[in-house]
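A short write-up of the structure that comes next.
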Amino acid sequence: MNETFSIKEKWRQFLVVLLPILISQLALFSMTFFDTIMSGHASPIDLAGVAIGASLWAPVQSGLTGILLAVTPMVAQMVGANRRDRVPFTVVQAFYVAIAIGIAVIIVGALVLNPILDLMDLEPSVRGIAIDFLHAIAIGIIPLFLYTVIRCFIDALGETRVTMFITLFSLPINIFLNYVLIFGNLGFPRLGGVGAGYASAITYWCILLISLFVVKRVHPFVEYGLLGKFYAVSLQAWKELLKLGLPIGFSIFFEVSIFAAVTLFMSEYSTITIAAHQAALNFASFIYMVPMSISMAMTILVGFEVGARRYRDARQYSYLGISVAVVLALLFGVGLLAFNEQVAGFYTTDEEVLRLTQHFLMYSILFLISDAIAAPIQGILRGYKDVTITFIVALVSYWVIGLPLGFALAQYTSLQAFGYWIGLITGLAAGAVFLFGRLLGLQRRLIRQHDSQQAHTG
């Protein structure tokens, strides 16, 4: 990634960066995917308990790891601008931030978890599984955040295949732990849905240890000397990272938490409805890994080009990423129309849950189209380090448009639970339109400014 590429070469570079990210994201999400599927086969109560626990953990985890995603555009732009000497210092400071965030989450979680669950009208058995699931996950919080920093560093160098191999190596570990802990196989106690929490936490530790070995032993990471030199805590570096990371984290938090909020509102419905909603949402989230992976690839590619001040190349990568995401979303939508019963069957054998899941899956098709536009643009804007507008758009589109509309439709029309999904789809579509307008304006301005500077210096 050190020269101006033709369109053909850009396609190749895009795929070289994207495909390993996509495989990594699918493998990472597969941990949640298998948690949900295997918990569902334990019992509907286990599935509902894991659904509630995951709905509380997902926005917190996504938002806070989102803060650490600032490492990717920071390192990508440093490498693009040939300032590699600044990389180790930046990554180590991100480690410190990750540890501080992890400790804060554990402390705050211990204080607020019971009061939050008390506000929900849950069956005692579902509540018990939810809280025990979250206690189990807590064991892996700090290693998960530390791994996020390492992954961002590795990916920012364009070496996305390495994180792919790390993740693929850890996935069988997670599935095996689910198998023995959820169902009590090979002499282990039968923990049900709670076992999925322990399996994920142990897997996070494994991923961290593997990634630490890689950056200390494998080329080209070893050349950066990560962890080879002690750096004192720098509040200035924290400020720089948080200035970029907080808007990223909050925008992700607003997006993920809206789905969590809907799941919590679903607690007024039956356990069957909660289980069906969670199953359909889990599959929609699984497919979301495709536009999300394109988004992450865009941050790396666009960040590198912007660091090298090649703004037209950055724009070409942008349109390439959005186009691929939209085409794939349309293909997935057609596939889901054709095979929705088979997809629902992955999650449950209960006839009532199966039929309700099929209805929810039909609504998820509209999610796919909006995500295919919004997610890549979010990644592109991060590559430009233009993150504040994404945060504002996420807040307005989800919490000002989506949730109030969904609540009104659910409470005051015959749509009931489906009303929440229509509200979410509307908010997501509005956000996609706003973000696309922002991207067009930003790219025009930067190219015009660069051309003007070139004319003056020429």
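Since the model is a prediction, treat every value here as computed from it, not as a measurement.
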Discussion item. Quiz question: by atom type and distance under 3.5 Å, do the side chains of Y311 and Q316 form a donor-acceptor pair?
Written reply: no
Worksheet item: Atom CD1 of I401 and atom CD1 of I258: how far apart are they, to the nearest 0.5 Å?
Response: 11.0 Å
Item to complete: Any salt bridge (charged side-chain N to carboxylate O under 4.0 Å, His left out) involving residues 334-360? Give me the pairs, sequence neighbours left out, ordered by first then second residue.
Response: E341-R355, E351-R355
Worksheet item: Where do T163 and Y147 land on the side-chain contact (heavy atoms from CB on, under 4.5 Å) test, with the steps shown first?
Response: CA-CA 10 Å; T163 48; Y147 167 68; 4.2 Å; yes
Item to complete: State, yes or no, whether a side-chain contact exists between Q443 and Y319 at a heavy-atom distance under 4.5 Å.
Response: yes
Worksheet item: For the atom pair CG (L361) and CD1 (I287), what is the distance rounded to the nearest 0.5 Å?
Response: 10.0 Å
Practice prompt. Report yes if the side chains of S211 and L208 come closer than 4.5 Å at any heavy-atom pair, otherwise no.
Written response: yes
Worksheet item: Taking everything shown except R12 itself, do over 12 heavy atoms lie less than 6.0 Å from its CZ?
Response: no
Worksheet item: If we ignore angles and hydrogens, is there a donor and acceptor under 3.5 Å between the side chains of S39 and D46?
Response: no
Practice prompt. Might you point out which heavy atoms bring A196 and N178 nearest each other, and give the distance in Å?
Written response: CA-OD1, 3.3 Å
Worksheet item: Going through the distances and angles, do V91 and V149 end up as a side-chain contact (heavy atoms from CB on, under 4.5 Å)?
Response: CA-CA 7 Å; V91 173; V149 174; 3.9 Å; yes
Practice prompt. Check the pair R161 / D155 against salt bridge (charged side-chain N to carboxylate O under 4.0 Å, His left out), numbers first and verdict last.
Written response: CA-CA 8 Å; R161 285 177 300 174; D155 286 352; over 6 Å; no
Worksheet item: Below 4.5 Å, heavy atoms only, C-beta onward: do V17 and M298 meet side chain to side chain?
Response: no
Worksheet item: Does the pair Q77 and Y384 meet the rule for a side-chain hydrogen bond (donor to acceptor under 3.5 Å, both in side chains), with working shown?
Response: CA-CA 9 Å; Q77 288 200 15; Y384 284 101; over 6 Å; no
Worksheet item: Mind checking whether I300 and T72 have side chains closer than 4.5 Å, heavy atoms only?
Response: yes
Worksheet entry | Contacts of type side chain to side chain contact (heavy atoms under 4.5 Å, CB included), residue F434, not counting sequence neighbours | V393, A430
Worksheet item: Taking side chain as C-beta onward, heavy atoms only, is V324 less than 4.5 Å from W11?
Response: yes
Discussion item. By the salt bridge (charged side-chain N to carboxylate O under 4.0 Å, His left out) test, which pairs, at least two apart or in different chains, include something from residues 97-120?
Written reply: D118-R127
Item to complete: Please list all pairs passing the salt bridge (charged side-chain N to carboxylate O under 4.0 Å, His left out) test where one or both residues lie in residues 376-391, with sequence neighbours left out.
Response: D386-R438
Discussion item. For a quick test of reading the model, state the closest non-hydrogen atom pair linking I373 to I377 and the distance between them.
Written reply: O-CG1, 3.2 Å
Item to complete: With sequence neighbours left out, write down each residue that passes ring pair (Phe, Tyr, Trp, His ring centres under 6.0 Å) with Y288, or none if nothing qualifies.
Response: none
Worksheet entry | Separation between CD of Q342 and CD of Q358, rounded to the nearest 0.5 Å | 8.5 Å
Fill in: T273 side chain to S270 side chain, donor-acceptor N/O pair below 3.5 angstrom
yes
Fill in: Heavy-atom pair with the smallest gap, counting every atom of V302 and I380
CG1-O, 3.8 Å
Practice prompt. Just jot down the ring pair (Phe, Tyr, Trp, His ring centres under 6.0 Å) partners of F407, sequence neighbours excluded, or say none.
Written response: F265
Practice prompt. Of all the heavy-atom pairs spanning A98 and L68, show the shortest one and how long it is.
Written response: CB-CD1, 3.9 Å
Fill in: Contacts of A138 that satisfy side chain to side chain contact (heavy atoms under 4.5 Å, CB included) - sequence neighbours left out
I141
Item to complete: Give every residue pair that meets the side chain to side chain donor-acceptor pair (under 3.5 Å) criterion with at least one member in residues 195-206, sequence neighbours excluded.
Response: D35-S200, N174-T203
Fill in: Audit row: L442, R445, side-chain contact (heavy atoms from CB on, under 4.5 Å) steps and yes/no
CA-CA 5 Å; L442 175 67; R445 188 177 77 249; 3.3 Å; yes
Worksheet, complete the sentence: Taken in chain and number order and not counting sequence neighbours, the residues that satisfy ring pair (Phe, Tyr, Trp, His ring centres under 6.0 Å) with F360 are H277, F418, W421
Practice prompt. Mind listing the closest non-hydrogen atom pair of G197 and A136 along with its distance?
Written response: C-CB, 3.6 Å
Discussion item. What's the separation between atom CD1 in I252 and atom OG in S62, rounded to the nearest 0.5 Å?
Written reply: 7.0 Å
Worksheet entry | Rounded distance (nearest 0.5 Å) linking atom CD1 of I142 with atom CD1 of I103 | 5.0 Å
Worksheet item: What distance separates I447 CD1 from R310 CZ, expressed to the nearest 0.5 Å?
Response: 13.5 Å
Discussion item. Does any part of the side chain of L428, heavy atoms only, come nearer than 4.5 Å to the side chain of S397, both counted from C-beta?
Written reply: no
Worksheet item: Which one of W399, Y398, F254 satisfies the ring pair (Phe, Tyr, Trp, His ring centres under 6.0 Å) criterion with F391?
Response: F254
Discussion item. Holding to side chain to side chain donor-acceptor pair (under 3.5 Å), I want the full list of residues that pass it with E123, two or more places apart in sequence or in another chain.
Written reply: T271
Discussion item. Strictly by side chain to side chain donor-acceptor pair (under 3.5 Å), give each pair with a member in residues 365-378 just once, sequence neighbours left out.
Written reply: none
Item to complete: Name all residues meeting the side chain to side chain contact (heavy atoms under 4.5 Å, CB included) criterion together with L18; count only those two or more places apart in sequence or in a different chain, and write none if there are none.
Response: F14, S293, I294, A297
Item to complete: Kindly indicate whether the side chain of I248, heavy atoms from C-beta on, has any atom under 4.5 Å from the side chain of I67.
Response: no
Worksheet entry | Minimum side-chain heavy-atom gap I23-T167 below 4.5 Å | no
Discussion item. As a quick check of understanding, evaluate side-chain contact (heavy atoms from CB on, under 4.5 Å) for F283 and L336, giving each step before the final call.
Written reply: CA-CA 10 Å; F283 185 78; L336 199 50; 3.6 Å; yes
Discussion item. If I compare all heavy atoms of T299 with all of P73, which pair ends up nearest, and what's the gap?
Written reply: CG2-CD, 3.8 Å
Worksheet item: Are there more than 12 heavy atoms of other residues, nucleotides or ligands under 6.0 Å from atom CZ of F95?
Response: yes
Discussion item. Using modelled atom types and a 3.5 Å cut-off, is there a donor and acceptor pairing between side-chain atoms of S295 and backbone atoms of A375?
Written reply: yes
